[in-house]
Amino acid sequence: MPLRIATSLAAAVALLPLAIAQSPQWGQCGGQTWTGPTTCVTGSTCVYQNPYYSQCLPSGSGTTSSAVASAALPTGTSTAKSNTVAKTLGGKLYFGSATDNPELSDATYVAKLGDNTLFGQITPGNSMKWDSTEPSRGVFTFTNGDTVTSLAKKNGQLIRGHTCVWYNQLAGWVTSGNFNASTLTSILQTHCSTLVSHWAGQIYSWDVVNEPFNDDGTVRSFVFSLAGGTVPNLNYITTALVAARAADPKAKLYINDYNIDSAGAKSTAMQNLVKSLKAAGTPIDGIGIQGHLIVGQVPSKAALIANYQAFTALGVEIAITELDIRMTLPETPALRAQQQTDYNTVVSACKAVTGCVGVTIWDYTDKYSWVPGVFSGQGAALPWDNNLVIKPAYDGIIAGFTN
Ligand code: 9MR
């Protein structure tokens, strides 16, 4: 179906090493007939000049690049604050952002991240994942996760735990250990229980399970879904949820996935999973709808609302957990305008559904977005640009919570 994102993130990640050539500083990086590279060498940024020419200009605050960029591309104009508006006019718990430890040495970035009128919730992008927290069996390292949680607490921000069990960024010792089914169950129990206990009382919600389904709605095959057999099954999810509930009874327990924004096989599979967990009395409080979307290909507001309501009707809350809306670079005024519309569509759909508790963007600035590193030639997916200046997308978010 045309409105759904066909690209599998897993497939995209697999393509990562195939980096394409980049344009040099001052070189061309876009334009209507341009077929060369659309990304620039480190230290320069592809800046739209006119429909026929985009150029790699030095990144940062150089007068040339910022003067050209601000003259050529529209920026955001709203003076309202995203988290304040999400709560007061949107009726939501928060507007939030993901972050990651390496970025926390950037003082300008941290100052904005810590402004709780802008962000009322923080998700650590990597530092609570299995490879970061239990790199060897029974050896837990919480330092980087603690750094993010301390920062959020200091700034009065809610924290989303991410994630107990995921097929990706799993420690090598788990995947290559040839463990039998009962040992795998015990490994998973220990991991979730230790992780969730460590931050017990500090976390609003946990993405206990991340990305359990393939895009066609079949169960994703990996070490835990295959435990003890050759046909992937969802039994490991119960193990993880039960362990998480016991470790922190107050945390909301979520399952999180992408490409479940509107109706389709994957969304149906997730709803069936919720039904079966509920029927079995397994703890499940929420579904995280990641929202890694593409400019101009976002489902309609009506389609989003219908799908969100299909989840909330099952007795779970939902949250938009990893929103970003990417485009093929370079940015143009038209793409920025469409992106404003697209952000507005998602945020206003969440506003319209009572059980949608909040919206989190997957980092707030293009400077630290995961997108260009995975989807070659694409990016500019976030509401703040490389220089931490708001784009029209920000206005779309504010309007989405307001109207
Ligand atoms: O933002 C994360 C990036 O830094 C990592 O390299 C990547 C590795 O897979 O994971 C990114 O975050 C992912 C999240 O954990 C789950 N949903 C998709 C996100 C983007 O890939």
Side-chain angles (χ1 to χ4, degrees), residues 1-16 18 162-170 175 207-241 254-280 282 284 286-300 302-314 316 318-326 342 346 349 362 370-371 374-376 378 381:
M1 86 177 262
L3 289 179
R4 292 185 63 79
I5 305 168
T7 310
S8 143
L9 287 183
V13 169
L15 290 173
L16 190 53
L18 302 175
H162 180 85
T163 168
C164 277
V165 56
W166 186 26
Y167 77 94
N168 199 2
Q169 290 177 282
L170 197 48
T175 38
D207 291 327
V208 177
V209 179
N210 198 35
E211 302 174 3
F213 293 111
N214 297 311
D215 278 347
D216 64 0
T218 55
V219 178
R220 193 186 285 280
S221 170
F222 77 120
V223 62
F224 288 114
S225 66
L226 284 173
T230 51
V231 180
N233 67 74
L234 294 167
N235 297 339
Y236 76 96
I237 293 179
T238 300
T239 305
L241 288 167
Y254 273 64
I255 302 172
N256 191 46
D257 215 327
Y258 60 90
N259 282 355
I260 56 167
D261 307 272
S262 56
K266 196 170 185 179
S267 186
T268 301
M270 188 66 91
Q271 286 158 29
N272 289 338
L273 173 59
V274 171
K275 284 181 205 161
S276 66
L277 291 170
K278 289 252 171 207
T282 306
I284 176 70
I287 295 300
I289 297 172
Q290 291 184 6
H292 294 293
L293 302 171
I294 299 173
V295 166
Q297 297 181 37
V298 169
S300 69
L304 293 173
I305 290 174
N307 182 61
Y308 295 173
Q309 286 174 336
F311 281 107
T312 58
L314 303 176
V316 286
I318 60 161
I320 314 306
T321 53
E322 304 185 11
L323 183 61
D324 51 25
I325 312 183
R326 63 185 183 269
D342 293 339
V346 177
W362 203 242
W370 68 290
V371 171
V374 173
F375 295 100
S376 192
Q378 297 182 51

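Each residue takes its place number in the sequence, starting with 1. Here the structure is a predicted model, which is why all the values come from computation and not from measurement. The analysis underlying the following values was restricted to heavy atoms, covering all of them including side chains, and did not include hydrogens, waters or symmetry mates.
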Please check this pair: side chain of [X] against backbone of [Y], looking for a donor-acceptor N/O pair closer than 3.5 Å.
X	Y	answer
N214	D216	no
T163	D207	yes
D342	G296	yes
D261	I289	no
S267	G264	no

Compare every heavy atom of [Y] with every heavy atom of [X], then report the nearest pair and how far apart it is.
X	Y	value
I260	F311	O-CE1, 4.1 Å
P212	I255	CG-CG2, 3.8 Å
G217	A269	O-CB, 3.4 Å
R326	Q378	NE-OE1, 3.1 Å
I287	V316	CG1-CG2, 4.2 Å
R220	Y258	NH2-OH, 3.3 Å

Do the side chains of [Y] and [X] get nearer than 4.5 Å, heavy atoms only?
X	Y	value
N272	K275	yes
K278	L314	no
N307	Q271	yes
L293	L323	yes
N256	E322	yes
Y236	V209	yes

When rounded to the nearest 0.5 angstrom, what distance separates [atom1] in [X] from [atom2] in [Y]?
X	Y	atom1	atom2	value
D257	K266	CG	NZ	4.0 Å
L273	F213	CG	CZ	4.5 Å
N259	D215	CG	CG	4.5 Å
T238	N233	OG1	CG	9.5 Å

Would a line drawn from the ring center of W370 to the ring center of F375 be shorter than 6.0 Å?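 When the ring centroids of W370 and F375 are compared, they turn out to be within the sub-6.0 Å range.
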Geometric class of the F222/F224 ring pair [parallel <30°, tilted 30-60°, perpendicular >60°]: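 Correct class here is perpendicular.
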Please step through side chain to side chain contact (heavy atoms under 4.5 Å, CB included) for the pair I320 and Y308, ending with a clear verdict. CA-CA 10 Å; I320 314 306; Y308 295 173; 3.4 Å; yes
